[in-house]
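Notes follow the structure.
It should be emphasised that the depicted structure is a prediction, and the values quoted were computed from it without experimental measurement.
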Amino acid sequence: QVQLVESGGGLVQAGGSLRLSCAASGRTFSSYAMGWFRQAPGKEREFVVAISWNGGNTVYADSVKGRFTIARDNAKNTVYLQMNSLKPEDTAVYYCTANRRDPSLLFTTTRYLADYWGQGTQVTVSS
């Protein structure tokens with residue numbers, strides 16, 4: 001079992017930056033791929049980005065490529081999401097996730113899975 005707690009959300013103007021953090025409990029953090037999903041009002045939850053257990057592999061949604069960067073620190077049980085050049089359409093609740101079934105993000109059928117979820121943090125980008 002993994003518990004995930006996000007922080008760092010807030011209100012920012014378009015073109016600005018935010019960094020989200022996700023602190024994980026437990027001693028098995030380095031066994032999981034970690035990721036971020038988001039859900040905008042009235043829309044379905046969508047995949048944003050994932051990072052493999054050792055940070056060696058990352059997968060990004062096309063909508064955030066070149067603007068968002070994911071990183072992890074296994075010594076601190078923490079994953080980060082640096083978001084630059086933010087747009088109003090990035091407004092959403094952002095959820096941290098852990099994926100135990102494909103920790104290396106090897107397979108298209110499993111790399112987008114999420115077995116554990118945080119409670120979410122709101123990101124609002126004003127135009």
Side-chain angles (χ1 to χ4, degrees):
Q1 187 78 8
V2 176
Q3 292 187 326
L4 305 172
V5 179
E6 303 97 333
S7 61
L11 174 64
V12 64
Q13 289 188 332
S17 298
L18 279 176
R19 188 175 84 152
L20 305 183
S21 299
C22 173
S25 65
R27 294 176 291 179
T28 57
F29 177 76
S30 60
S31 300
Y32 300 96
M34 299 297 295
W36 293 89
F37 284 66
R38 67 186 181 185
Q39 187 167 22
K43 296 188 177 181
E44 293 187 354
R45 196 170 293 186
E46 66 174 356
F47 170 83
V48 177
V49 61
I51 187 168
S52 63
W53 68 275
N54 62 353
N57 191 18
T58 55
V59 180
Y60 289 87
D62 288 344
S63 59
V64 306
K65 279 181 182 177
R67 300 188 299 122
F68 290 12
T69 303
I70 191 171
R72 66 187 295 161
D73 185 338
N74 286 348
K76 296 182 178 180
N77 280 15
T78 302
V79 62
Y80 305 97
L81 181 62
Q82 178 67 42
M83 304 185 295
N84 298 329
S85 302
L86 283 161
K87 306 175 181 180
E89 52 263 43
D90 293 317
T91 295
V93 177
Y94 283 70
Y95 297 91
C96 177
T97 64
N99 176 352
R100 60 179 170 80
R101 284 173 277 182
D102 189 0
S104 297
L105 303 179
L106 294 177
F107 309 106
T108 56
T109 54
T110 54
R111 64 175 50 151
Y112 305 108
L113 296 178
D115 297 296
Y116 303 100
W117 295 78
Q119 82 287 353
T121 186
Q122 176 71 46
V123 171
T124 303
V125 184
S126 63
S127 57

### Message
Using modelled atom types and a 3.5 Å cut-off, is there a donor and acceptor pairing between side-chain atoms of Asn74 and backbone atoms of Asn54?
### Response
no
### Query
So, does Thr91 use its side chain to make a donor-acceptor pair with the main chain of Val125 at under 3.5 Å?
yes
### Task
Report yes or no: is the cationic atom of Arg72 (NZ for Lys, CZ for Arg) under 6.0 Å from the centre of the six-membered ring of Tyr32, at an angle within 45° of the ring normal?
no
Please report the interatomic distance [atom1]([X]) to [atom2]([Y]), rounded to the nearest 0.5 Å.
{"X": "Thr28", "Y": "Asn77", "atom1": "OG1", "atom2": "CG", "result": "8.5 Å"}
{"X": "Met34", "Y": "Asn99", "atom1": "CE", "atom2": "CG", "result": "9.5 Å"}
{"X": "Tyr80", "Y": "Asp73", "atom1": "OH", "atom2": "CG", "result": "5.0 Å"}
{"X": "Cys96", "Y": "Gln3", "atom1": "SG", "atom2": "CD", "result": "12.5 Å"}

Atom of [X], atom of [Y] and distance for their closest heavy-atom approach:
{"X": "Ser127", "Y": "Ala14", "value": "CA-CB, 4.4 Å"}
{"X": "Val2", "Y": "Ala24", "value": "CG1-CB, 4.1 Å"}
{"X": "Ala71", "Y": "Ile51", "value": "CA-CD1, 3.8 Å"}

## Note on the structure
So the salt bridge (charged side-chain N to carboxylate O under 4.0 Å, His left out) pairs with at least one residue in residues 102-126 (sequence neighbours excluded) are Arg101-Asp115
### Query
Quick one: side chain to side chain contact (heavy atoms under 4.5 Å, CB included) partners of Glu46, sequence neighbours excluded?
Arg38
### Query
What pairs meet the side chain to side chain donor-acceptor pair (under 3.5 Å) rule with one or both residues in residues 11-26, with sequence neighbours excluded?
Ser17-Asn84
Is there a side-chain contact between [X] and [Y] (heavy atoms, below 4.5 Å)?
{"X": "Ile70", "Y": "Tyr60", "value": "yes"}
{"X": "Leu4", "Y": "Tyr95", "value": "no"}
{"X": "Leu20", "Y": "Glu6", "value": "no"}
{"X": "Lys76", "Y": "Phe29", "value": "no"}
{"X": "Ser31", "Y": "Trp53", "value": "no"}

### Query
In terms of hydrophobic clusters joined by side-chain contacts under 4.5 Å, are Leu105 and Trp36 together?
no
#### Entry: Those residues that, when tested against Arg67, pass salt bridge (charged side-chain N to carboxylate O under 4.0 Å, His left out) (two or more places apart)
Asp90
### Task
Assess whether atom CD of Gln82 is packed by more than 12 heavy atoms of other residues, nucleotides or ligands within 6.0 Å.
yes
### Query
Residues in ring-ring contact (aromatic ring centres under 6.0 Å, His included) with Phe37, at least two apart?
Phe47, Trp117
### Message
By the definition side-chain contact (heavy atoms from CB on, under 4.5 Å), identify the one residue from Val59, Leu81, Thr69 that meets it with Val49.
### Response
Leu81
### Summary
Sorted by chain and number, sequence neighbours left out, side chain to side chain donor-acceptor pair (under 3.5 Å) with Thr124 holds for Gln122
